[in-house]
Amino acid sequence: MIIKFRNYSDGVHHFDLSKSSAELDLGDPFIKDVLLRCKMDKSHHQIYISCDLSVEASLECDRCTADFSKTLKNHFENLYLFDRDENREEEVGVYHLSPDADKIDLRNDVSEYARLTIPMKVLCSDDCKGLCTHCGKNLNEGSCDCKNEEDLGVWEPLRKLKDNLNKKT
């Protein structure tokens, strides 16, 4: 995803970029196209770019193991300063361009920010009920006939111990 900024006059410009996730080598879990909606503010000394990234991913729920697709979104901003010394140490989101440069390659930023959209805990929905711990039935599709742990009396010895400790105080 390359922006040829020499084609633009100084000022604010809006544009959309699109490229397939395969062309960007994103791999799993990304599918379809990566869409980038950008706002570029160009001046004689610098270029400020603000981008909204949108990409579809094929995911598996961590609770119920159901496969689902979800559009993931992220936002990033970069500042490009025209500088004769291109080898300066870069800060996050601040880059130095040669005054002779005519384009900006956003490929690495798009790849990095797309990967950052993947949630640490992947859920098909916020109220996903998960799987029954006994029979493995997806509880989002209905309840199962398994007995509750409390009905099995697993916690009964601890309840007795607690009651005994409470009586002594």
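Along the sequence shown, the residues carry numbers beginning at 1.
Leu24 places none of its side-chain heavy atoms less than 4.5 Å from the side chain of Ser111. Taking 4.5 Å as the limit, every side-chain heavy atom of Asp52 sits out of range of all side-chain heavy atoms of Lys73. In this structure the side chain of Pro119 reaches within 4.5 angstrom of the side chain of Val122, judged on heavy atoms.
At least one donor-acceptor pair under 3.5 Å links the side chain of Lys137 to the backbone N or O of Ser143. Using modelled atom types, no side-chain atom of Asn74 and backbone atom of Ala114 make a donor-acceptor pair closer than 3.5 Å.
Annotation: Asp145, atom CG; neighbour count of heavy atoms from other residues, nucleotides and ligands within 6.0 Å does not exceed 12.
Each ring pair (Phe, Tyr, Trp, His ring centres under 6.0 Å) pair with one or both residues in residues 45-78, not counting sequence neighbours, appears once here: Phe76-Tyr113. Pairs engaging residues 2-27 under the ring pair (Phe, Tyr, Trp, His ring centres under 6.0 Å) rule: Phe5-Phe82, Tyr8-His13, Tyr8-Phe15 [sequence neighbours left out]. Here salt bridge (charged side-chain N to carboxylate O under 4.0 Å, His left out) pairs that include residues 56-66, with residues two or more places apart or in two chains, are Lys32-Glu56. The salt bridge (charged side-chain N to carboxylate O under 4.0 Å, His left out) contacts involving residues 110-126 comprise nothing, where partners must be two or more places apart or lie in separate chains. Pairs engaging residues 10-27 under the salt bridge (charged side-chain N to carboxylate O under 4.0 Å, His left out) rule: Asp16-Arg37, Asp25-Arg107 [sequence neighbours left out].
Hydrophobic clustering (ILVMFWY, side-chain heavy atoms < 4.5 Å, transitive): Leu116 and Leu106 are in one cluster. Criterion: ILVMFWY side-chain heavy atoms under 4.5 Å apart, direct or through other members. Under it, Leu26 and Ile31 are not part of a common hydrophobic cluster. Leu59 and Val34 fall into different hydrophobic clusters, where Ile, Leu, Val, Met, Phe, Trp and Tyr side chains are chained together by heavy-atom contacts under 4.5 Å.
One distance of note links CD1 of Ile47 with CG of Asn78; it measures 11.0 Å at 0.5 Å rounding. In this structure, Leu165 CG and Lys167 NZ are separated by 11.0 Å, a value rounded to the nearest 0.5 Å. Here the CG atom belonging to Asp41 is positioned 10.5 Å from the OG atom belonging to Ser50, to the nearest 0.5 angstrom. Distance check, rounded to the nearest 0.5 Å: CD1 of Ile49 to CG of Leu36 gives 9.0 Å. Leu81 CG to Tyr95 OH: the interatomic distance, rounded to the nearest 0.5 Å, is 12.0 Å.
The two atoms that bring Gly130 and Asn138 nearest to each other are O-OD1, 3.6 Å, heavy atoms only. Nearest approach of Cys61 to Leu123, heavy atoms of both residues: SG-CA, 3.8 Å. When all heavy atoms of Ser20 and Asp33 are compared, the closest pair comes out as CA-OD1, 3.3 Å. When every heavy atom of Arg6 is checked against every heavy atom of Ala101, the shortest pair comes out as NH2-O, 2.7 Å. Across Leu131 and Cys64, no two heavy atoms sit closer than the pair CD2-O, 3.6 Å.
Judged as a salt bridge (Lys or Arg N to Asp or Glu O under 4.0 Å), and not counting sequence neighbours, Asp67 has no contacts.
Under the side chain to side chain contact (heavy atoms under 4.5 Å, CB included) test applied with Leu53, the options Asp109, Val110, Leu35 reduce to a single match, Val110.
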